[in-house]
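One structure is given below, encoded as structure tokens.
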2 protein chains.
Amino acid sequence: MGSSSKTLPVERWNRIREALKTERVVRVVDLCRRLGVSSATLRRDLEELEARGELHRVHGGAVAVDSRLDEPVFEDKAEMAAREKHRIAEAALRRIASGWTVYLDGGSTVLNLARELRTRKDVVVVTNSLRAAMELAGEGPRTILVGGELRRLSQTLVGPLTRYVLDALQFDIAFMGTMGISPDGTITTTEPAEAFTKEWVLGRAHQVVLLADRSKYGKVAFARAGHMKDVDVVITDRGLSAEWRRRLRTWSVQLVEV
Amino acid sequence: MGSSSKTLPVERWNRIREALKTERVVRVVDLCRRLGVSSATLRRDLEELEARGELHRVHGGAVAVDSRLDEPVFEDKAEMAAREKHRIAEAALRRIASGWTVYLDGGSTVLNLARELRTRKDVVVVTNSLRAAMELAGEGPRTILVGGELRRLSQTLVGPLTRYVLDALQFDIAFMGTMGISPDGTITTTEPAEAFTKEWVLGRAHQVVLLADRSKYGKVAFARAGHMKDVDVVITDRGLSAEWRRRLRTWSVQLVEV
DNA sequence: GCATTTATGATTGACTTCGATCGGATGTGT
DNA sequence: ACACATCCGATCGAAGTCAATCATAAATGC
């Protein structure tokens, strides 16, 4: 009625297309309020647009047809965290001198470092991570996998055999990941067997570097994997609180922010 | 009906995909908290995604399906006599008793056996083959990877560290592959380091089973990996000459034709 | 003007999703 | 080999969502 408030269907469709383009996923209830129409109308619209192949309907809403994982929005979000990890990995890479023996722990942050290391043929890599080994399986530096029992969830090698092998090795530098760093400096992870392996590595490396993005500070997981006093360097993305900086100083840990 | 706090299944699925993509492995309990849903819901999601072939469920979580399990040279070889190798693997599987410790050598023939072993949870598998380990990484029996240096071409672990680990282990049965069996009974392979590892395993297994299709008889590769006198059983596809049967008898090797 | 067409909103019963619970299966540690 | 902890899958009730039907209102055609 009147002149201004009434909108044509085609106009509404364009607004739906727009929302779908930027948000990739839309909810019926949401769009109802935003467009000021009833759910029935909106459903009819979505039905129409689906028939034209412009979107795909799902329970509770609709998704863009080309919402493959590699599409912009998701890539942005995933890439955002990935870029942090990438920068941390790059900083880690710069700390490795030629000819060194490098230990790589399991964990997604360290996995990025493994990928970076493919260009460094001048070092020797030792790891208990099957995923890291797979990264380096195609090309890269000499790679040694420690032995041990395969832990399915983490895809790492742990257990007594791992310790037995680690006892025969030592490292110039070890890069470790963690699930959490508690305020008292305890490094924790979810898997006891893995925690034990981590702690054992700490004692066999000349220099220990912990790779931990912001989200790890204050988090506490189940099993103790060592203490920050055994760590020499922490590489973190920016934005660490003054409180945590103070704590790191207390534990004589060098902080590297990227 | 709240406002926008409710999330669509698709959104959650995408977050799961995202986590799986960056972390390769996810835990049910972890994802529950991160996504703010019950374990039941998450299980349903994982079930759904597994049905679509987007991931693989394991006890306690899920792992990404590894699409790049295909190495050019290797896969070609595997494809050549695929059916023969499959039949050989099946025959090999039947020789494994419950509770045994099984060693799997590198090589495409043995890799088929690893695949078959995914259904056998009643044994322990030890291997120096990264590919075999990857085969068993998703589900299967307890798996132990020996340590050692990663040899890129064959994707196996070899070298002094491997021998060091093998010294601490012994096996009820060992399944070995080979590049060739010479008329005088020498088992050969192309890579000395690998040959050395093979020969070392022969001495640590109660029973040695050689998996060798027809094409291996009479072939001679560079490095000696042992002698047929150390082998207890050979599993081969049909069509072995009388001459070779006679030789196998000489070396006291039991011949199994499939 | 009156009937027809089109767009929209409300109602209702069926369906889907979700979370809690429980018995049973699966690993884990001693 | 045993006991213990954890994890799994099935079931059920509650809540949200869907699709179909009917009613209303504006636009169109005669």
Side-chain angles (χ1 to χ4, degrees), chain A residues 1-13 15-16 25-33 35-51 55-63 148-154 158-160 190-197 221-223, chain B residues 1-13 15-16 25-33 35-51 55-63 98-99 118-125 136-144:
Chain A
M1 53 174 54
S3 46
S4 58
S5 68
K6 196 90 177 97
T7 62
L8 290 166
V10 60
E11 200 172 327
R12 204 172 49 234
W13 293 349
R15 294 188 61 186
I16 293 172
V25 175
V26 293
R27 260 176 246 106
V28 171
V29 284
D30 264 13
L31 270 186
C32 279
R33 275 183 309 165
L35 301 181
V37 296
S38 74
S39 61
T41 302
L42 189 57
R43 270 182 243 286
R44 272 186 282 258
D45 290 342
L46 295 180
E47 204 176 333
E48 177 71 25
L49 291 174
E50 184 180 36
L55 54 78
H56 180 62
R57 289 229 56 195
V58 295
H59 196 87
V63 297
E149 182 164 346
L150 176 60
R151 210 79 177 185
R152 294 225 144 69
L153 272 174
S154 57
V158 297
T190 49
E191 185 72 41
E194 212 153 325
F196 187 74
T197 303
F222 174 54
Chain B
M1 56 160 106
S3 35
S4 53
S5 62
K6 204 106 170 73
T7 64
L8 255 42
V10 269
E11 293 181 70
R12 209 173 44 237
W13 293 345
R15 292 187 64 186
I16 293 171
V25 174
V26 294
R27 289 163 203 278
V28 172
V29 283
D30 271 8
L31 270 187
C32 278
R33 268 182 306 171
L35 302 181
V37 296
S38 73
S39 60
T41 301
L42 190 57
R43 270 180 240 288
R44 271 186 285 256
D45 290 342
L46 296 180
E47 202 177 333
E48 173 75 29
L49 292 175
E50 186 180 37
L55 53 79
H56 181 70
R57 292 275 274 125
V58 297
H59 197 82
V63 300
S98 187
R118 285 190 295 202
T119 58
R120 289 286 295 264
K121 304 260 166 67
D122 60 337
V123 298
V124 177
V125 174
L136 298 166
E139 60 166 349
R142 273 183 71 191
T143 303
I144 292 168

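Remember, predicted model here, so these are calculated numbers, not experimental data.
OP1 or OP2 of D/dC7 has not a single side-chain nitrogen or oxygen of B/Arg57 nearer than 4.0 Å. Between A/Arg43 and D/dA20 there is no side-chain polar atom (N or O) within less than 4.0 angstrom of OP1 or OP2. Taking side-chain N and O atoms only, A/Thr41 has no distance below 4.0 Å to OP1 or OP2 of C/dT8.
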Salt bridge (Lys or Arg N to Asp or Glu O under 4.0 Å) between A/Glu191 and A/Arg151, intermediate numbers included:
CA-CA 10 Å; A/Glu191 185 72 41; A/Arg151 210 79 177 185; 2.5 Å; yes
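Rounded to an integer number of Å, the gap from B/Leu8 CG to C/dT17 P is 10 Å. Between B/Leu42 atom CG and C/dC18 atom P there is a gap of 11 Å when expressed in whole angstrom units. Rounding to whole angstrom units, CG of residue A/Asp45 and C1' of D/dC18 are separated by 15 Å. Distance B/Glu11 CD to D/dT17 C1': 15 Å, rounded to the nearest Å.
Here the closest heavy-atom approach between residue B/Ala137 and residue A/Leu150 is recorded as CA-CD2, 3.8 Å. Taking both residues in full, the closest heavy atoms of A/Val58 and B/Leu8 are given as CG2-CD2, 4.2 Å, listed atom of the first, atom of the second, then distance.
Mapping A/Glu47 and B/Gly61 onto DNA chain D by nearest heavy atom places B/Gly61 at the nucleotide closer to the 5' end.
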Expected string for nucleotides 25-30 of chain C under the B/S/- scheme (protein heavy atoms, under 4.0 Å, primed atoms plus P, OP1, OP2 as sugar-phosphate) is -S----
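The base of C/dG19 sits with one of its N or O atoms less than 3.5 Å from a complementary donor or acceptor on the side chain of B/Arg44.
No option in B/Arg15, B/Arg57, B/Arg12 other than B/Arg12 meets the salt bridge (Lys or Arg N to Asp or Glu O under 4.0 Å) test with B/Asp45.
Within 4.0 Å (heavy atoms only), B/Arg27 reaches no atom of the nucleic acid at all.
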